[in-house]
Amino acid sequence: RKEVEQDPGPFNVPEGATVAFNCTYSNSASQSFFWYRQDCRKEPKLLMSVYSSGNEDGRFTAQLNRASQYISLLIRDSKLSDSATYLCVVKDSSASKIIFGSGTRLSIRP
Amino acid sequence: EADIYQTPRYLVIGTGKKITLECSQTMGHDKMYWYQQDPGMELHLIHYSYGVNSTEKGDLSSESTVSRIRTEHFPLTLESARPSHTSQYLCASNFKTDTQYFGPGTRLTVL
């Protein structure tokens, strides 16, 4: 079993739709959680950190469920420019490693 | 924008050549990483460093080697390139906040 698992997609949704991704992690000692965005043939870039209380940045909402060991990303009113691969990232504090999920591909259609 | 740079951005080279991919960051980050990523595939950690003179192998076995003589510089070397090394190589760094910043990557093609 992978340490960080994501649904690979692709998710193909119309512009304006709301879309949600989940990501599960296996190490209960994990301390830090992030969502990155990677455009085609580009480097990953930080989208947002995920805090225990949940956090929102414009149309994006991230939540953490420690009991069930998953994090989520919700995108409201999706735009064409949201098309990308979304990477779930977990920091394993005991091993001091940063672990990337394999990514979920999102495609927004007009 | 993050201050992390990679050169060359694109490299096409013949089998058997020695190559060095450069990565530099001006943010004073102590931790640096090399990832390998094939098109449309996931990132694989191949090397990391937690400071000067510290280097470790990542999760994916790689024939490449790295060095960390200076905080800002983390070059990756392939002694004898092969077609199987064709991929994108991404360098990243971070400090205490754990937010990793990535360089633009080097696309390597070995003929």
Side-chain angles (χ1 to χ4, degrees), chain A residues 1-11 21 23 25-27 29-52 55 57 62 64 71 83-107, chain B residues 1-10 21 23-25 27 29-51 54-60 74 86-109:
Chain A
R1 184 189 170 193
K2 290 185 178 180
E3 293 178 83
V4 176
E5 295 209 60
Q6 295 182 249
D7 184 337
F11 285 57
F21 309 135
C23 165
Y25 60 95
S26 60
N27 187 342
S30 299
Q31 291 295 320
S32 306
F33 309 88
F34 310 89
W35 283 103
Y36 276 69
R37 170 195 170 125
Q38 186 174 24
D39 292 304
C40 187
R41 304 176 81 81
K42 297 283 191 180
E43 73 274 22
K45 292 188 178 180
L46 178 69
L47 178 65
M48 58 198 305
S49 302
V50 186
Y51 304 120
S52 297
N55 49 302
D57 183 2
L64 167 64
I71 66 173
S83 297
T85 296
Y86 291 83
L87 302 167
C88 169
V89 182
V90 175
K91 180 171 185 268
D92 177 350
S93 60
S94 60
S96 199
K97 286 198 309 181
I98 298 177
I99 303 163
F100 282 78
S102 54
T104 297
R105 283 171 45 207
L106 173 64
S107 178
Chain B
E1 291 293 321
D3 295 324
I4 180 164
Y5 310 98
Q6 289 186 243
T7 57
R9 293 291 311 278
Y10 303 91
L21 308 184
C23 175
S24 296
Q25 49 90 9
M27 298 174 282
H29 288 171
D30 50 352
K31 299 176 183 175
M32 295 189 75
Y33 309 78
W34 276 103
Y35 293 87
Q36 186 174 339
Q37 185 179 36
D38 292 324
M41 304 298 285
E42 62 193 280
L43 287 163
H44 291 286
L45 179 67
I46 52 175
H47 296 283
Y48 60 97
S49 167
Y50 286 164
S54 150
T55 61
E56 301 286 344
K57 287 190 180 294
D59 303 319
L60 181 69
F74 190 40
T86 295
S87 188
Q88 173 165 266
Y89 293 84
L90 289 158
C91 180
S93 70
N94 68 274
F95 196 49
K96 293 180 181 178
T97 62
D98 299 328
T99 301
Q100 273 198 334
Y101 295 94
F102 282 82
T106 294
R107 287 199 180 277
L108 172 65
T109 302

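Since the structure is predicted, the reported quantities are computational estimates derived from the model, not experimental observations. In what follows, chains carry the letters A, B, and so on, assigned in the order in which the sequence lines appear, proteins first and then strands, with residues in each chain numbered from 1.
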Query raised in the report: Does the side-chain contact (heavy atoms from CB on, under 4.5 Å) test come out yes or no for Y33(B) and I98(A), once each step is laid out?
Result: CA-CA 10 Å; Y33(B) 309 78; I98(A) 298 177; 3.8 Å; yes

Report task. Enter the distance from I4(B):CD1 to E43(A):CD here, rounded to the nearest 0.5 Å. Result -> 9.5 Å

Requested in this report: Apply side-chain contact (heavy atoms from CB on, under 4.5 Å) to N94(B) and K91(A), showing your working.
Outcome: CA-CA 12 Å; N94(B) 68 274; K91(A) 180 171 185 268; over 6 Å; no

Query raised in the report: Of all heavy-atom pairs between R41(A) and Q88(B), which one has the smallest distance, and what is that distance?
Result: O-OE1, 4.4 Å

Query - chain A neighbours within residues 35-47 of chain B, where any heavy atom lies under 4.5 Å away - result: Y35(B), Q37(B), E42(B), L43(B)

Report task. Below 4.5 Å from any heavy atom of chain B, which atoms of L87(A) appear? Answer side chain, backbone, both or neither. Result -> side chain

Report task. Compare all side-chain heavy atoms of D59(B) with those of E3(A) and state whether any distance is below 4.5 angstrom. Result -> no

Report task. State whether the side chain of Y36(A) and the backbone N or O of Q100(B) hold a donor-acceptor pair below 3.5 Å, judged by distance alone. Result -> yes

Query - Toward chain B, the part of R105(A) with a non-hydrogen atom under 4.5 Å - result: neither

